[in-house]
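For this chain, numbers begin at 1 and follow the sequence in order.
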Amino acid sequence: MPVETRSIRDRSAVGRFPAVTLGFGDDTEEEKEEPEENDGKKENGCRRWLRKVCPCCCRQPNDDEVTDTLVTGIDDLEKDLMKSKSGQNRTEHHTDLYQSEGLIIRRGQTFQMWITLSRPYNADTDKLHLELKTGPLPTVSKGTHVIIPFVEDLEDDRWEAAVVKQDDRRIKLSVNSPPTAVIGRYQLIVETNSTNGQFISTHDPANDIYMLFNPWCEDDAVFMDSEEERREYVLNDVGRIYYGTQNQIGVRTWNYGQFDDGILAACLFVLEKSGTPPSGWGDPVNVVRVISAMINSVDDRGVVAGNWSGVYSDGTSPTVWSGSVEILKEYHKNKGTPVKYGQCWIFAGVFTTVLRCFGIPGRTVTNFSSAHDTDVSLTTDVYLDENLEPIEHLNADSIWNFHVWNDCWMARSDLPPGYGGWQAVDATPQETSQGTFRCGPASLAAVRHGQVFLKHDAPFVFAEVNSDKIYWQRNLDGTFSQIYSEKKTVGHLISTKAVGSDERHDITDLYKHPEGTEAERIAVETACSYGSKAEAYSSPTAADVTVEVTMDGEGPKMGGDAELTIMLRNSSSEERKIILHSQAAVMYYTGVHKATVRKDETDVDLLPNEGEWSSVGRRKCMSQTVRIYRGVLFHYFTFLYNGTDVGEVSNVSPTLLDIKVTPRTIRFFVLSPSENHFGQIPFIFQGFHLVF
């Protein structure tokens, strides 16, 4: 391979120089070079003339003074056992599972390498150092151009190298990296200095070093002290993603494939495609924010294009994907063209792959009844007009049947003590964060206590898991007054795969205090005091009238009756007049209203200290018509209200029927998909609402 040299040898001897070679392998027999011809004693005419003019300055060189230190490259991979998957470096660095070739190591830990020189190394007269470069503009001051000096004894927290073994012309080095080193792909070169000049090796891509985060290193920000959890959240390449409703939870297996051949290169390509400076890639907080933005394609042509329309003819339906490998490889192969299409669980699955590939402990998390707050109010708001009709253009907030995001593990030196550990991150493009569609990392400890003033994006995450649903009615003067709030609607059965098993692990307690407890209410009020509707907790609604909704049996079933009962209680010493508003509606799984079926209004008088049972009546679903629409099976249903036909509702799949009951709302859920897929089109609900 070509080399750069300042040798004093006759340039007519090209190809005959003794060499310096690098190797990351164990000791191997070197091929002996042929005896050097005496070409070095020959001089060209200019040099002979100069020596005659000034013999004291230009002496005839002898063999002892010839000290070429050319670097010609690294030994063949077959001989490089420490660079192999089963070699010392990769086993000690827990990177032996990566199918990619090359030296893959973790920061904050030593690694070994060999250098073969043209003659035995003399520490007194020969000066060597290593250089590592990463990024388009390597800079020493920014940690992207690293100069590694040779020292006698290694110290922690710094780049250093020490000679630990010498075998004639070969020296074995132990190289140390700091636990804050920039992650990424480094170019390696060796520079030597002696009395006869300086010599620098050329770059060989085969010798590049891949540096990752190190959850096994106590000084790394992503350190996790449980080996069982490290095996799950870093080394496990298969997981489970939950979906459905809180009453009927579905699960599917997902192949993360972080160790597959080509995935490390694809993940690094995602970082490079972001255009962010590599100098920031040593901070896991910064790295996960970059990844969060780059997994979706909205504003930076990231990995996956989202699609909730139900039309996927120009791409792949979200339900078809079963892992991240194909998605990341396609994105890399097509040089950054977004892959079509994905929804929340796709974004989260790919995010987990990239996190684990880089060495950041990560997991996929599902939140059932997940709110989407659009105005930083930290509440889920429903706006009604003077007649209690929904004001559609104002009702931007919604509650999704389920939503999937990620947790990642890291220390948070940018926050007060106590807020490290699990952090929520979300790649689904919902709202912008500092002008870009991304979310997190938000400390789960901060979310749990309502301390939403701590970065990043804690208000949005808090609203997803613990916002109150508040109903606002428009007054005659155009202002709005709060008429009711639901305090237990949002954030249920927050789920992830259990460590070491395929069981579902409920982690709701990490995100919020138990519903209805004083600590949970304090957290909500604390959070909302920083929101855009801080006045929401001066509720004018009397608290002495309560509502309880019950249903007999195991729940509604397709083709059967569903009879609900409402219990109204007046605990005050005065009579209360109640107006009971009911509404049957079709809704998507994202909480978006599809169509209204029927509305009712009933007057109820409650005497002091009285409880009254009220039968809601029966809604019977009877299948009338079947048709195929966009590849999904749909049924038409006729709804009977107390024996009266109230019309047909289309686009309702009969594959699953569920029910959700809150103090203010009753909804029947008919869940699309067919063929055991979820998300073939947006989930569709037939919802029956009671609004007081």
Side-chain angles (χ1 to χ4, degrees), residues 93-95 104-111 132 134-135 142-144 146 155-159 176-186 209-235 258 264 267-268 270-271 274 276-294 351-363 406-427 433 438-447 454-458 461 510:
H93 285 251
H94 305 279
T95 60
I104 305 172
I105 57 177
R106 300 188 187 276
R107 65 186 192 175
Q109 191 171 338
T110 59
F111 62 95
L132 297 175
T134 187
K142 295 183 178 180
T144 53
V146 180
E155 296 184 18
D156 294 336
D157 303 331
R158 65 187 66 185
W159 285 103
N176 190 50
S177 64
T180 57
V182 169
I183 69 161
R185 180 172 179 166
Y186 285 85
I209 296 176
Y210 297 85
M211 183 70 71
L212 307 177
F213 290 104
N214 193 350
W216 283 266
C217 174
E218 293 185 2
D219 296 321
D220 196 310
V222 302
F223 172 67
M224 177 175 273
D225 61 0
S226 169
E227 178 59 27
E228 187 179 16
E229 291 185 339
R230 287 193 294 253
R231 285 197 298 268
E232 180 66 48
Y233 299 131
V234 180
L235 300 181
Q258 68 267 31
L264 176 57
C267 292
L268 288 174
V270 172
L271 270 186
S274 71
T276 58
S279 58
W281 297 355
D283 180 4
V285 173
N286 183 59
V287 170
V288 298
R289 280 184 68 73
V290 172
I291 299 170
S292 175
M294 285 301 300
F351 205 159
T352 298
T353 297
V354 180
L355 289 171
R356 295 184 182 182
C357 184
F358 286 157
I360 302 174
R363 62 190 183 188
N406 301 86
D407 284 346
C408 58
W409 180 273
M410 65 185 65
R412 292 296 300 270
S413 59
D414 57 328
L415 300 181
Y419 293 95
W422 288 116
Q423 315 287 315
V425 287
D426 194 347
S433 172
R438 59 185 170 188
C439 181
S443 167
L444 265 58
V447 171
L454 297 174
K455 57 186 181 182
H456 294 276
D457 308 312
V461 177
L510 296 182

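The ring pair (Phe, Tyr, Trp, His ring centres under 6.0 Å) search around Trp216 returns His94, not counting sequence neighbours. Among residues two or more places apart in sequence or in another chain, the salt bridge (Lys or Arg N to Asp or Glu O under 4.0 Å) test is passed with Asp414 by Arg412. Residues passing the side chain to side chain donor-acceptor pair (under 3.5 Å) test with Arg356: none are found, sequence neighbours excluded. With sequence neighbours left out, the salt bridge (Lys or Arg N to Asp or Glu O under 4.0 Å) criterion links Arg106 to no other residue. Residues passing the salt bridge (Lys or Arg N to Asp or Glu O under 4.0 Å) test with Glu155 are Arg158, sequence neighbours excluded. Evaluation of the side-chain contact (heavy atoms from CB on, under 4.5 Å) rule for Tyr210 yields Ile104, Arg185, Leu264, Leu268 as partners, not counting sequence neighbours.
The heavy-atom pair separating Gly362 from Thr352 by the smallest distance is O-CG2, 4.2 Å. Across all their heavy atoms, Cys439 and Ser292 have their closest contact at N-OG, 3.1 Å. The heavy-atom pair separating Asn214 from Asp220 by the smallest distance is N-OD2, 3.0 Å.
Ser274 has its side chain within reach of Met294: a pair of non-hydrogen atoms, C-beta onward, lies under 4.5 Å apart. Counting heavy atoms from C-beta on, the side chains of Ile209 and Phe111 come closer than 4.5 Å. With a 4.5 Å cut-off on side-chain heavy atoms, Gln423 and Val288 do not count as touching. Residues Leu454 and Pro416 form a side-chain contact, since some pair of their non-hydrogen atoms from C-beta on lies under 4.5 Å apart.
Between Glu227 and Arg230, at least one side-chain N (NZ, or NE/NH1/NH2) sits under 4.0 Å from a carboxylate O, which counts as a salt bridge. A salt bridge links Asp457 with Arg289: at least one charged nitrogen is closer than 4.0 Å to a carboxylate oxygen.
Other residues, nucleotides and ligands place no more than 12 heavy atoms under 6.0 Å from the CD atom of Glu218.
Atoms CD1 and CG, from Ile360 and Leu212 in turn, are 10.0 Å apart once rounded to the nearest 0.5 Å.
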